[in-house]
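First comes the structure, then the notes that go with it.
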Protein chains: 2
Amino acid sequence: MATGRTHRPATRSRGIPEATVARLPLYLRALTALSERSVPTVSSEELAAAAGVNSAKLRKDFSYLGSYGTRGVGYDVEYLVYQISRELGLTQDWPVVIVGIGNLGAALANYGGFASRGFRVAALIDADPAMAGKPVAGIPVQHTDDLEKIIEDNGVSIGVIATPAGAAQQVCDRLVAAGVTSILNFAPTVLNVPEGVDVRKVDLSIELQILAFHEQRKAGEEAASTDGTGPVTAVRGESGDKGPDGDVPAVMPA
Amino acid sequence: MATGRTHRPATRSRGIPEATVARLPLYLRALTALSERSVPTVSSEELAAAAGVNSAKLRKDFSYLGSYGTRGVGYDVEYLVYQISRELGLTQDWPVVIVGIGNLGAALANYGGFASRGFRVAALIDADPAMAGKPVAGIPVQHTDDLEKIIEDNGVSIGVIATPAGAAQQVCDRLVAAGVTSILNFAPTVLNVPEGVDVRKVDLSIELQILAFHEQRKAGEEAASTDGTGPVTAVRGESGDKGPDGDVPAVMPA
DNA sequence: CCATCTTTGTGCACGCGTTCACAAAGACAT
DNA sequence: ATGTCTTTGTGAACGCGTGCACAAAGATGG
Ligand SMILES: NC(=O)c1ccc[n+]([C@@H]2O[C@H](COP(=O)([O-])OP(=O)(O)OC[C@H]3O[C@@H](n4cnc5c(N)ncnc54)[C@H](O)[C@@H]3O)[C@@H](O)[C@H]2O)c1
Ligand SMILES: NC(=O)c1ccc[n+]([C@@H]2O[C@H](COP(=O)([O-])OP(=O)(O)OC[C@H]3O[C@@H](n4cnc5c(N)ncnc54)[C@H](O)[C@@H]3O)[C@@H](O)[C@H]2O)c1
């Protein structure tokens, strides 16, 4: 069994609660929209509605950043946009590499919202030699062999993994070894990373399964009596082949 | 306020905590992998490691489903796979529609892991007349005009929105009106839905911004040690500080 | 300058989720 | 059967996040 597995750090992020950090981008988006409409100030109530959160929660969130509001008036939109951007580190340029330029990787590369917030696609990397040199979204795909050099040359600290699940850990290891300390993982796998490296995952399959759970519950509640419990048919064991790539654990270590 | 209810209906999900529900797919994935390797039983410790969670948490999660383990031995893999699948509602077929077949929508349609768990892409819908009839991932794209009919004919209750942000709310409204009660939203917008409809969002931009926040913190802390001008030196009270780490639940029904 | 009105900032209580720690349950050997 | 050893299932403590409710701050008008 694994030895000395360090405990989970509990997220002591310099005073700002993790839950708040996760909402800041939400506020920023709403504020940016207001800014584009030249709205000068906004109340916590209005902004909260736009962001889909409780107004008290929003005020408390902002209180962690400092007191940027004016009582009786609200918050200055432009100032708040700047403060949140600065807090999130969006005032600087973040070169990002995407590894695995398949269906998803290509879509990500083409995604406009990527660059809209200081994130710049510095390079696209794929293991397929046939793709090397081919431009995707105007950026030529480079081969995995040069991964380390690419990371180093561009000062990349954020990497996006969009390879098949089987290759994800290996790619992750190389990224980390090359200096990447933040990873966004789209592959359905648990990535093991050393301390100090952040991993966030996006998993479509998990989201759908959670929705299915609630969906089933809704249906069950509606027809509570008509649906007998226990018609245990169709046990979905491992009858057929399982997903070619869609079935491996996935979580965040750290 | 004019906006509809935004409160959380307490989410009394059949006794199973929301946080647990969100982890079930994770366990299921790990268990499926074990099943494929014909592993008969697994201990909470092993499974927890594979899923990247605390073993006590895993045991407590399973305890909500019932007592499926055998003390001194562990859990029967096959049985647990079935129990979790059933709990998540994966023993039945879930027809899903994807609206907005652009870069992302096409990638999603091509995604194999989609169908691997009872989710079936029943239809692809796009507003672009030029796309109508064109097959994507072997499925002909249909026009938005027929959205309501498609939903009804296929008994779709889960919809995926991959349209531009500006069209998301409108598409959402139509989906809901047509009978969809679960939505997975990829567009960077807050969707307003009536009570009883679940919305989960996947937002690449937000994930990157959260990573950037921690990345900036790491860089700042590093510099603080080399830079003598640091204002606050004793950030950590008494030790025990573990790495930063960062992961936020992301569980949030609507 | 004072009164009133609006909205912030936050103290406080509560509930959920996490983790520890351990008694009990059962397998397995003797 | 009895003892030992492994592992579950869970009681209890704790910490985080959420939301209420309100005093204080400041704008606005007279
Ligand atoms: N397509 C989706 O909508 C979707 C949704 C959720 C998750 N995912 C996951 O994202 C990943 C990619 O999905 P996809 O549909 O783009 O698959 P894909 O097969 O189209 O693309 C995978 C790409 O990764 C490349 N690759 C393989 N091994 C590599 C390696 N070691 N280093 C670098 N590149 C490598 C391949 O050459 C290929 O171009 C998969 O893990 C999938 O499960 C995809
Ligand atoms: N591409 C990515 O990697 C990525 C990542 C994160 C989020 N997103 C978001 O996902 C959404 C789609 O991204 P994309 O890159 O695929 O964009 P895209 O422009 O390539 O595709 C959008 C598609 O939606 C269709 N559409 C527009 N209005 C519609 C309507 N009212 N009804 C039905 N279909 C409609 C368009 O015809 C087009 O085919 C955007 O909101 C984007 O912000 C994309």
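Residue numbering restarts at 1 for every chain, and letters A, B, ... go by the order of the sequence lines.
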Checklist entry - Is it the case that more than 12 heavy atoms not belonging to B:Gln92 sit under 6.0 Å from its CD atom? => result yes
Item to check | Side chain of B:Arg71 - closest among D:dA25, D:dG9, C:dC20 | outcome: D:dG9
Checklist entry - Touch check for A:Tyr64, heavy atoms < 4.0 angstrom, all strands: base, sugar-phosphate only, or nothing? => result nothing
Next on the checklist: Can you tell me if A:Asn54 touches the phosphate of D:dG17, counting only side-chain N or O atoms and a distance under 4.0 Å to OP1 or OP2?
Outcome noted: no
Next on the checklist: Over all strands shown, is B:Tyr75 touching base, sugar-phosphate only, or nothing at heavy-atom distances under 4.0 angstrom?
Outcome noted: sugar-phosphate
Next on the checklist: Please compare B:Gly72 and A:Ser43 by the position of their nearest nucleotide in DNA chain C and report the one closer to 5'.
Outcome noted: A:Ser43
Checklist outcome for this item: Which of C:dA27, D:dT8, C:dT8 is nearest the side chain of B:Val73? It is C:dA27
Checklist entry - What is the distance, rounded to the nearest whole Å, between atom CG of A:Asp76 and atom C1' of D:dA27? => result 15 Å
Checklist entry - Roughly how many Å is it from NZ in A:Lys57 to C1' in D:dC16, rounded to a whole number? => result 13 Å
Next on the checklist: What is the separation between atom CG on A:Asp61 and atom P on D:dC16, rounded to the nearest whole Å?
Outcome noted: 16 Å
Checklist entry - Which pair of non-hydrogen atoms, one from B:Glu87 and one from B:Ile16, has the smallest distance, and what is that distance? => result OE2-CD1, 3.4 Å
Next on the checklist: Do B:Gln83 and B:Tyr79 pair up side chain to side chain, a donor and an acceptor below 3.5 Å, judged on atom types alone?
Outcome noted: yes
Checklist entry - For the residue pair B:Leu58 and B:Ser44, what are the closest heavy atoms and their distance? => result CD2-CB, 3.7 Å
Checklist entry - Could you state the NZ-P distance from A:Lys60 to D:dC22, rounded to the nearest angstrom? => result 15 Å
Next on the checklist: Any side-chain N or O of B:Ser44 below 4.0 angstrom from OP1/OP2 of D:dT7?
Outcome noted: no
Next on the checklist: Under 3.5 Å, is there a donor on one side chain and an acceptor on the other for A:Gln209 and A:Ser205?
Outcome noted: yes
Checklist outcome for this item: Taken to the nearest whole Å, CD/A:Glu45 to P/D:dC20 is 10 Å
Item to check | Position toward the 5' end of DNA chain D (nearest nucleotide), A:Thr20 or A:Thr70 | outcome: A:Thr20
Checklist outcome for this item: Here the distance between atom P of D:dG9 and atom OH of B:Tyr68, to the nearest Å, is 11 Å
Item to check | d(CZ, A:Phe62; P, C:dG9) in whole Å | outcome: 10 Å
Checklist entry - Tell me: CZ of A:Arg59 to C1' of D:dA23, nearest whole Å? => result 13 Å
